[in-house]
Amino acid sequence: MYSSNPKRGPSSQHYDNDRNKKQRPNNPSSSFTPQSRGGYQNGYGSRPQQISEKYKNRDNPVLDHINRLPEPGRCEPCKLAATEMQTGMIALLDKLEADETTPNGDRDVLHHARELRRLLSARAGKTQSFEVKKALDEKRPPTDKYVSVPAYVGQKMAQAKDLPVLPHITEPYLEEAVFTHVSAHGAARLRGVSDRLEFLGDAYIELISSRLIYSRLPHLDVPQQSRFREQLVKNETLGKFSNAYGLPDRLKHGGHIGESKAWTKVVADVFEAYVAGVVLSDSENGFHTAEKWLSELWAPQFLDFKEQIIENPQAKDDLARLVACKDVALHYTEERDGVMEDGVQKYFMGIHITGWGYENEWLGSGDGRNKALAAVHAAMDAIQRNNAALQVATKKKQELLQLRKEEDERKETEEKKDTPAHTGGESEAVGRDAGSVSMPQDAQTSGSSWLEKEKKKKEKKERHEKKEKKRKETSKSSSP
């Protein structure tokens, strides 16, 4: 039939070759046809038309297995595997969409994940499971309305599940003002209200946080309390609360702002305005409601707060007792300029001694959030190091104290010998002095300080002067 067509060239005559008319042997071991196996496909491609020479034996088990393979249209495991893979892909895309629906998510990835999920979901609607669900709805229709929770809403619910209940703003105009950004068009009146609510809410948050820190952490000094309050009221902290409650989703604004510090500030401003709305909507209990709510929000941060512990706050006094006396001084100087680390100022102080043969000799160094605390740490470091200079100074002071003690004991002994025995008041005074002299050496050393010893010396001198005066008066009255 092809040769009768005058438009075909000589090359078309090969279709009329006699070789195509010859009867081919029906040898199943040498060739396979789709007709003989019902259009075989194994899921990875069509059945090969030729088989290797080693499979030409009819009794070959591999060949027998291939012959008994089912048609793909009738293979239930293959269909089930394809359905499960499609369902799994949809589930993975759904999770990917939820993960990318965050302030730091990739918008392009989120867009493509949504589109691919939509296409796969539409194709999955024609599967057997969809048909079964359709039959179920026809035979046993649901009695209640089914509400599907999107992935984004589910994520918001997961973030807010551990937060306290969001208090309500009972005044509609306040709620509208809270969620109207200054970029919204046609809301000039509400723009002014929203700004003022943010300003007032910021003040309320500052006041409430200060009250909580004052009552819950009274042992902290003022700089440490101020730094902790800054952690509670900063935009990042308030922005997390605002996002967890979904407040930015209710915001009306003129255009979307990209993820940046500006957007973090907007989200925090919404939270501050909401706090002001809660307080103003209830003139009697609004402030108490807001304070109770914020206390619950900040409770984890209060529980996790760990203040810096000073091991020995009296380290400066202890060091002075070891080496300081007349003409001996300890100098605390700033070793280098302070630095700011993690939002906290840090100062560096060193301690030096002048005296006992030393001139501005270094003993130790320390750092702290202020100069006073850094000086305490420097004294602690000096006591712990106990370098050669500190050892020499301590030894010399102990020797000096021992010499003074021996001198005092010698003078007291001489005074007792010179005192007349018949004078009752003098005997009583001497008895008191003798009692003080007979005290154990350790008790005297540990129970008296430098000032106490000076005071005792002064008292002894006064008693001695009184005795001399009385003795002179007695001798004058007894003379003729």
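The structure presented is a predicted model; accordingly, all values stated were derived computationally and were not measured.
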Quiz item: Will you find, in the side chains of Arg369 and Gln345, an N or O donor that is under 3.5 Å from an N or O acceptor?
Solution: no

Quiz item: Below 4.0 angstrom, N of the basic side chain to O of the carboxylate: do Glu296 and Lys292 qualify?
Solution: yes

Practice problem: Flag this pair as yes if the NZ/CZ of Lys371 is under 6.0 angstrom from the six-membered ring centre of Phe348 and inside a 45 degree cone about the axis; otherwise no. | Solution: no

Quiz prompt | Ser365 side chain to Glu335 side chain, donor-acceptor N/O pair below 3.5 angstrom | solution = yes

Quiz prompt | Arg227 and Glu230 ion-paired at < 4.0 Å | solution = no

Exercise. Can you establish whether the number of heavy atoms outside Asn360 located under 6.0 Å from its atom CG is more than 12?
Key: yes

Using residues 275-287 as the side-chain source, report each donor-acceptor pair under 3.5 Å to any protein atom, sequence neighbours left out, with the distance given to one decimal.
residue : atom : partner : partner atom : Å
Ser281  : OG   : Gly277  : O            : 3.0
Ser281  : OG   : Val278  : O            : 3.1
Asp282  : OD1  : Glu284  : N            : 3.2
Asp282  : OD1  : Asn285  : N            : 3.3

Quiz item: Around atom CZ of Arg250, are there more than 12 heavy atoms of other residues, nucleotides or ligands at under 6.0 Å?
Solution: yes

Self-check item: Parallel, tilted or perpendicular: rings of Phe228 and Phe302 (30°, 60°)
Solution: perpendicular

Quiz item: Are Arg321 and Asp318 within salt-bridge range, i.e. N to O under 4.0 Å?
Solution: yes

Exercise. State plainly whether the residues Glu100 and Arg107 are in salt-bridge range, i.e. N to O under 4.0 Å.
Key: no

Quiz item: Do the ring planes of Trp293 and Tyr274 sit parallel (below 30°), tilted (30 to 60°) or perpendicular (above 60°)?
Solution: perpendicular

